[in-house]
Amino acid sequence: ILNVEQSPQSLHVQEGDSTNFTCSFPSSNFYALHWYRWETAKSPEALFVMTLNGDEKKKGRISATLNTKEGYSYLYIKGSQPEDSATYLCAFGRGSTLGRLYFGRGTQLTVWP
Amino acid sequence: GAGVSQSPRYKVAKRGQDVALRCDPISGHVSLFWYQQALGQGPEFLTYFQNEAQLDKSGLPSDRFFAERPEGSVSTLKIQRTQQEDSAVYLCASSPERGRIYEQYFGPGTRLTVT
């Protein structure tokens, strides 16, 4: 069983707060690391895919970093807004099982106005 | 353009019934994946198609689960003799050519409840 761990499980913040989540994954046989954002009743939306150690990606107020040698990725949200409320999933891809994604349980973020 | 669509969005089945869940991938996408998300868990891989060929079905939990993609486009996931533990959200994803296989676009899922 391949474990992808996410923490925290849930997070409640006030509008304007900055926050970050962690995803840890096996460091061997790494291929890609994805972050998805999933709002209730909608499709999971891809935020970032990262493939190289040291990758940093940014989209508006959201950014992510990747450390493949130690097996972790951080997702940062600066100045959280109520519309950021969603479940954030990370997913790990291995070189030996091409295409198959291994997901964590997600971090459920609620941003209060 | 149109994304991945799934139908039905919600399905309630009595234990022992057969169900069929449909996935319409993005037009032209070569690869198609099915994942199962049980309550409180992350999505778990079920099976993978490249065009009409089912290349990996190692995630299917039992022989009651069957998936097909006969013309390399629409896919159907069939569950026979449903059990309560089959209650989950079933997600479908598609990706473009083989070199971009990890670029997976997800549908909204079908929530199956077995009573």
Side-chain angles (χ1 to χ4, degrees), chain A residues 1-10 21-26 29-52 55 57 64 66 68 73 75 86-108, chain B residues 1-10 23-26 29-51 53-61 88-111:
Chain A
I1 295 178
L2 192 149
N3 281 331
V4 179
E5 302 286 342
Q6 289 190 248
S7 63
Q9 188 173 337
S10 66
F21 323 134
T22 303
C23 172
S24 62
F25 52 88
N29 206 5
F30 175 86
Y31 192 90
L33 192 285
H34 291 248
W35 283 99
Y36 285 90
R37 171 192 149 90
W38 194 4
E39 290 181 71
T40 303
K42 294 188 177 179
S43 303
E45 172 199 355
L47 290 174
F48 305 112
V49 56
M50 295 180 285
T51 56
L52 296 176
D55 257 354
K57 301 273 186 173
L66 177 67
T68 60
S73 176
L75 186 78
T87 295
Y88 291 81
L89 290 167
C90 78
F92 166 72
R94 304 181 80 184
S96 57
T97 51
L98 208 58
R100 176 175 182 162
L101 289 174
Y102 298 84
F103 283 87
R105 294 185 183 192
T107 293
Q108 187 169 13
Chain B
V4 178
S5 60
Q6 293 187 243
S7 61
R9 292 292 308 276
Y10 303 92
C23 173
D24 284 79
I26 294 172
H29 275 197
V30 168
S31 300
L32 186 145
F33 302 83
W34 284 98
Y35 294 86
Q36 177 194 57
Q37 187 189 29
L39 190 64
Q41 305 295 316
E44 291 194 5
F45 171 85
L46 293 177
T47 188
Y48 154 53
F49 290 87
Q50 187 175 330
N51 297 306
Q54 190 174 19
L55 298 188
D56 186 351
K57 57 181 181 178
S58 61
L60 296 175
V89 175
Y90 291 85
L91 289 167
C92 173
S94 68
S95 66
E97 68 270 12
R98 184 173 164 81
R100 296 162 62 190
I101 195 168
Y102 280 111
E103 193 178 316
Q104 294 182 22
Y105 297 84
F106 281 84
T110 294
R111 182 177 294 278

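Throughout, a chain's letter reflects where its sequence line sits, starting with A, and its residues are numbered from 1.
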Any idea which of Pro43(B), Gly42(B), Gly109(B) has the most non-hydrogen atom pairs under 4.5 angstrom with chain A? Pro43(B)
Considering only heavy atoms and a distance below 4.5 Å, find which of Ala46(A), Gly104(A), Ala32(A) pairs most often with chain B. Gly104(A)
Counting heavy-atom pairs under 4.5 Å with chain B, the top scorer among Leu101(A), Val4(A), Thr87(A) is Leu101(A)
Worked check of ring-ring contact (aromatic ring centres under 6.0 Å, His included) between Tyr105(B) and His29(B): CA-CA 10 Å; Tyr105(B) 297 84; His29(B) 275 197; 5.6 Å; yes
Does one side chain, of Thr107(A) or Gln9(A), offer a donor that lies under 3.5 Å from an acceptor on the other? no
Centroid separation under 6.0 Å, is that true for the rings of Tyr36(A) and Phe106(B)? yes
Is it the case that the ring center of Phe33(B) lies less than 6.0 angstrom away from the ring center of Phe49(B)?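 Ring centres of Phe33(B) and Phe49(B) not closer than 6.0 Å.
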Side chain Gln6(A), main chain Gly106(A), donor-acceptor under 3.5 Å: yes
Contacting moiety of Gln37(B), where chain A heavy atoms sit under 4.5 Å: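 For Gln37(B), side-chain heavy atoms alone lie under 4.5 Å from chain A.
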Examine whether an atom of Arg111(B) lies under 4.5 Å from a heavy atom of chain A, and if so say whether it belongs to the side chain, the backbone or both; otherwise answer neither. neither
